[in-house]
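Naming convention: chains lettered A, B, ... in sequence-line order (proteins, then strands); numbering from 1 in each chain. No hydrogens, no waters, no symmetry mates; every other heavy atom, side chains included, goes into these values.
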Protein chains: 2
Amino acid sequence: MTDFFATHEEVLNRAVQAIAERGYWSAYPESPSPKVYGETAAADGKAAFAAYLGGEFPLGQAGVGERVATEVSPFGVPLGIEYPRAEADALIAAATAALPAWRDAGPQVRAGVCLEILARLHRNVFELANAVHLTTGQPFVMAFQAGGPHALDRALEAVAYGYAEQTRQVGEVTWVKKADTLHKTYRIAPRGVALVIGCNTFPTWNSYPGFFASLVTGNPVIVKPHPRAIAPLAITVKIAREVLAEAGLDPNLVQLAPEAPGEGLAAVLAIRPEVKIIDYTGSTQFGEWLEASATQAQVYTEKAGVNTIIIDSTDDFAGMCRNIAFSLTLYSGQMCTTPQNLLIPAVGITTEAGPKSFDDVVTGIADAVRGLTADPAKAVEFTGAIVNPDVLTRLTSVTELGEVVLAAQPLAHPAYPDATCWSPTLIKSTTGYDEEWFGPITFAIPTDSTQNSLEVFRRTVGDRGAITAVVYSTDEQVLDAAELAALEVGVNISANLTGGVFVNQSAAFSDFHATGANRAANSALTDGAYVANRFRVITARRPA
Amino acid sequence: MTDFFATHEEVLNRAVQAIAERGYWSAYPESPSPKVYGETAAADGKAAFAAYLGGEFPLGQAGVGERVATEVSPFGVPLGIEYPRAEADALIAAATAALPAWRDAGPQVRAGVCLEILARLHRNVFELANAVHLTTGQPFVMAFQAGGPHALDRALEAVAYGYAEQTRQVGEVTWVKKADTLHKTYRIAPRGVALVIGCNTFPTWNSYPGFFASLVTGNPVIVKPHPRAIAPLAITVKIAREVLAEAGLDPNLVQLAPEAPGEGLAAVLAIRPEVKIIDYTGSTQFGEWLEASATQAQVYTEKAGVNTIIIDSTDDFAGMCRNIAFSLTLYSGQMCTTPQNLLIPAVGITTEAGPKSFDDVVTGIADAVRGLTADPAKAVEFTGAIVNPDVLTRLTSVTELGEVVLAAQPLAHPAYPDATCWSPTLIKSTTGYDEEWFGPITFAIPTDSTQNSLEVFRRTVGDRGAITAVVYSTDEQVLDAAELAALEVGVNISANLTGGVFVNQSAAFSDFHATGANRAANSALTDGAYVANRFRVITARRPA
């Protein structure tokens, strides 16, 4: 049997180093270029995914006999992939039975298995990317990057944190105090069954940290995918089960929980006494229900917030507008990191080209969005598709809140005639922006001054939380004040992004994705706190 | 101004090393000998504490004008120390105002201040020991050790964990990815106001880990002492405030919250929205109320459980009986670590001197307790005094549950004529033992076999939790089975203690006090999970 730990020890050690140093590092190349992945990789991956369409997914996991097929592609592509409907009792019984051997295998074996799963996912990254692309509506290159290498980096980061935390003390020691000598053993006891509840938009990127953090620390994982984005996690579970079986372990350490429409399986599983860990990404409503109701479990949630850009001044007006426009357009604003609120002084701002009025700034950003979306064929490679009908509903209703600067327009997708693609909406408004409007919806909000912008920022993020924030200013004091405000309301902040870094994107091993310090998320995906309470240490002492 | 971090950096680094290596290490000598602490230290400390009696404690902290004096010494010594009654709004307002400068001081400054507080407490350790002795009823040497050096070691351990956790990633980095360069700053954001709720029996030992874990991670601390054991924490708060003031920081970062009788201040403070961290030691009832009610806070609790000894066989019958007897007698069983249930096969056990019947084993232990308590003048140096009237009530009511093998007897204390001192009770019983009987109360429980003992152990600890467990056996398979059972129910276990190590005692830097894996405690006092979520990391990114 392959020693997976030995195979992957070097990359693990490098990852452990990276989470301390936090410079740029990545284990999985983000370019889908044939030069990196080989001439046939893209076509092979596409074909591999196409083979799943309209048939039974080869999950290799017991089900209740029924099959479910609930996925609807935002690109209008018929999917029809059938998954074995799962049942809570059977999932939990199988997970519970698998726990002891996984616990006793220890941190090294577990880390080795987790890293082998990642290596195999990476080997099948184009298959995974096609699954993410077609189920989420992400444009392909983004689906490849965010759903593939970036998600794998986040998974590796979680494995590194989990491994480091379990091994931060010795496994055993001989303790000598005067005449007394004890041999002490420190064993890692997992919490119990872990539940990962996936989301529609980032089924791999948002699920992998919790999945691997729980798995590496000894907990069997049940993956409850979003009913509209099952395939990426089905591929993940399938590969994980194959690796576990090869390692002589119970494949039921990782199980998929596909459900029939309207079944509400997440809520059923979440309050089962055997379920001790829950990782969730999704709506604030269900996230807060989980936090309040699943009191038997450690609950890690990423919910919604009001991401904000504070515009005070800039020495690169075009760069600022271009950078913001890209952030607003990318995947139709359907990222938990997409900015929603632009706080701009009503009196305007100073720039390298002289003063710009409030309307100049709004127009500059709107024009930059138009530039990205003028040609539908190119636009859809930024916007992707609208993930579900709720977003479309909001796209209409939001226009009642203010003056529409940029009206959402349908975009024809050259490859997918039935795709639901739209350009973004930008409205000037002084109301409605203090809650999340998920989708390609941006509020340009006139404020009394930058000072007032900071007050609005503190109030809205303090009340609703946020995952991201940006400040544009040429004034160090303003940057400092904005960073202090961000520190106080507990949100990560970026300054003066005008180049190739966008606030939507956080880099594994360097950026903490969220903070866990505001209402938008109670954890950082990933840091020490994200892994440390997924297991406990049990000591046995014997006279030596 | 003294650089406290530089002064104490070496001991901090050594402590960080110790929590990884987990061999024997201590920073504060546990022997109260004049050879260690100087000829006059004991008398000076006694006099310093005596100076507080019957007067206003020099806390140097604002109060509402009223004074409270609620302490009652189990040794019958009049205390009459008056403390300024505190009020929730004022405490929280002062703590909140003190937070920003403490946050901005950073991990090094905070660690330096914490270690200087520990150094000054150590310099006043005899004063502290007298306070612990007279308020808790602990015998003096124990009050010195557990309330002084051992508590200080536990505090240092918490500082080490907290410091390591905050500094596990760099404070700033220049991140370079192709054309993009960002300067990133990682700031530690404390959770908010921390509340420490002290207990009657171990006001320092049980409070210091949470106190220092919260303080070093940037959170202002409000200490709500038990109304009967205020002085040890008043001395602690006084010294902490002095050090903070010397360091140019706000002394209100550490405040004492003395309350009038029956005020219920802990519950008032615990659900205040500003209170984000709670550390509690005490009854299961209030601990579970905190866990369920203080949902705005991270809640760390140590409650009650059913500590158990499984007796299968031994090759040192006398050593076993002596060791168990000492554990049962020490501080009248009023330790959260004192064994309560002795599970002994009804058919008896094998020993180096041949078979012993169930009654032989019980008699052996009872005789060993009698040996320790026969001479009242010597006995009280083991038993100390009964901490409060509830314990005495239980001492009577428990006798209805079975055959009394060892009846509690009043013990005259040579130094304190009004002390409430009693020898322990040991009863044979098959009922009542599945809940905690706090105090000098032990159940000898006949089981069908060691196998059955393990079942009872799993059931009772699984239902009620435990802080400690012991197994006596000459059979490796039994030891392994007991350790597996302990792993599964999540309790630390010791085997064959017959010498100078007692299960009641856990060693800082080596033993995790609790596990956080059973109902008796939701945390380990101290490990990574105990500190990691007391702060969050907030990132600021600027183009470099």
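- Only the side chain of D527(B) comes within less than 4.5 Å of a heavy atom in chain A; its backbone stays farther off.
- Proximity to chain A (any heavy atom under 4.5 Å) is shown, for A179(B), by neither the backbone nor the side chain.
- For F535(A), no part sits under 4.5 Å from any heavy atom of chain B, backbone or side chain.
- In this structure, the portion of Y186(B) lying under 4.5 Å from any heavy atom of chain A is its side chain and not its backbone.
- Heavy atoms closer than 4.5 Å to chain B are found in the backbone of V176(A), but not in its side chain.
- Both tests do not hold together for R168(B) against Y163(B): distance to the six-membered ring centre under 6.0 Å, angle to the ring axis within 45°.
- Between I277(B) and Y300(B), some side-chain heavy-atom pair lies under the 4.5 Å cut-off.
- Counting heavy-atom pairs under 4.5 Å between each of D180(A), I19(A), N533(A) and chain B puts D180(A) at the top.
- Scanning residues 467-481 of chain A against chain B with a 4.5 Å heavy-atom cutoff picks out E476(A), L479(A), D480(A), ordered by number.
- Side-chain contact annotation: E291(A) with T301(A), donor-acceptor N/O pair under 3.5 Å present.
- For the set V537(B), I538(B), T167(B), the count of heavy-atom pairs under 4.5 angstrom toward chain A peaks at I538(B).
- No side-chain donor-acceptor contact under 3.5 Å links N518(A) and R536(B).
- Side chain to side chain, N492(A) and T515(A) fail the donor-acceptor criterion of an N or O pair below 3.5 Å.
- In terms of heavy-atom pairs under 4.5 Å with chain B, the best-connected choice from A532(A), S523(A), A482(A) is A532(A).
- Residue V531(B): no heavy atom, backbone or side chain, is found under 4.5 Å from chain A.
- When heavy atoms are compared at a cutoff of 4.5 Å, T539(B) approaches chain A by way of both its backbone and its side chain.
- The parts of A524(A) that come within reach of chain B are both its backbone and its side chain, each placing non-hydrogen atoms under 4.5 angstrom from that chain.
- At least one side-chain heavy atom of F457(A) sits less than 4.5 Å from a side-chain heavy atom of V491(A).
- The closest donor-acceptor contact from the side chain of D153(B) to the backbone of A27(B) lies under 3.5 Å.
- For the pairing with H183(A), the side-chain hydrogen bond (donor to acceptor under 3.5 Å, both in side chains) check across E172(A), R542(A), R541(A) returns one residue only, E172(A).
- Between R22(A) and F512(A) the shortest side-chain heavy-atom distance falls below 4.5 Å.
- The parts of D511(A) that come within reach of chain B are both its backbone and its side chain, each placing non-hydrogen atoms under 4.5 angstrom from that chain.
- Of the listed residues L99(B), D104(B), L487(B), L484(B), the one with more heavy-atom pairs under 4.5 angstrom with chain A than any other is L487(B).
- At distances below 3.5 Å, not a single donor-acceptor pair connects side-chain atoms of E157(B) with backbone N or O atoms of S510(B).
- For A164(B), the part sitting under 4.5 Å from any heavy atom of chain A is the side chain, from C-beta outward, and nothing else.
- Here V173(A) is the residue among T295(A), L182(A), L497(A), V173(A) with the most heavy-atom pairs under 4.5 Å with chain B.
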Give every donor-acceptor pair under 3.5 Å between a side-chain atom in residues 499-509 of chain B and any protein atom, sequence neighbours left out.
unit_1	atom_1	unit_2	atom_2	d
N504(B)	OD1	S327(B)	OG	2.6
N504(B)	ND2	S327(B)	O	2.9
S506(B)	OG	R154(B)	NH2	2.8

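- With contacts defined as side-chain heavy-atom distances shorter than 4.5 Å, the pair T308(B)/P339(B) does not qualify.
- Contact check for E30(A) versus K177(B): side-chain heavy atoms found under the 4.5 Å cut-off.
- Among Y530(A), Y161(A), W25(A), the residue making the largest number of heavy-atom pairs under 4.5 Å with chain B is Y161(A).
- Within the 4.5 angstrom heavy-atom criterion, no atom of R534(B) approaches chain A.
- Expressed to the nearest 0.5 Å, how far CG of D316(A) lies from OG1 of T498(A) amounts to 4.5 Å.
- In terms of heavy-atom pairs under 4.5 angstrom with chain B, the leader among P100(A), G192(A), G528(A) is G528(A).
- Chain B forms the most heavy-atom pairs under 4.5 Å with one residue out of E21(A), R191(A), R103(A), and that residue is R103(A).
- Of the N and O atoms on the side chains of R519(A) and N522(A), not one donor lies less than 3.5 Å from an acceptor on the other residue.
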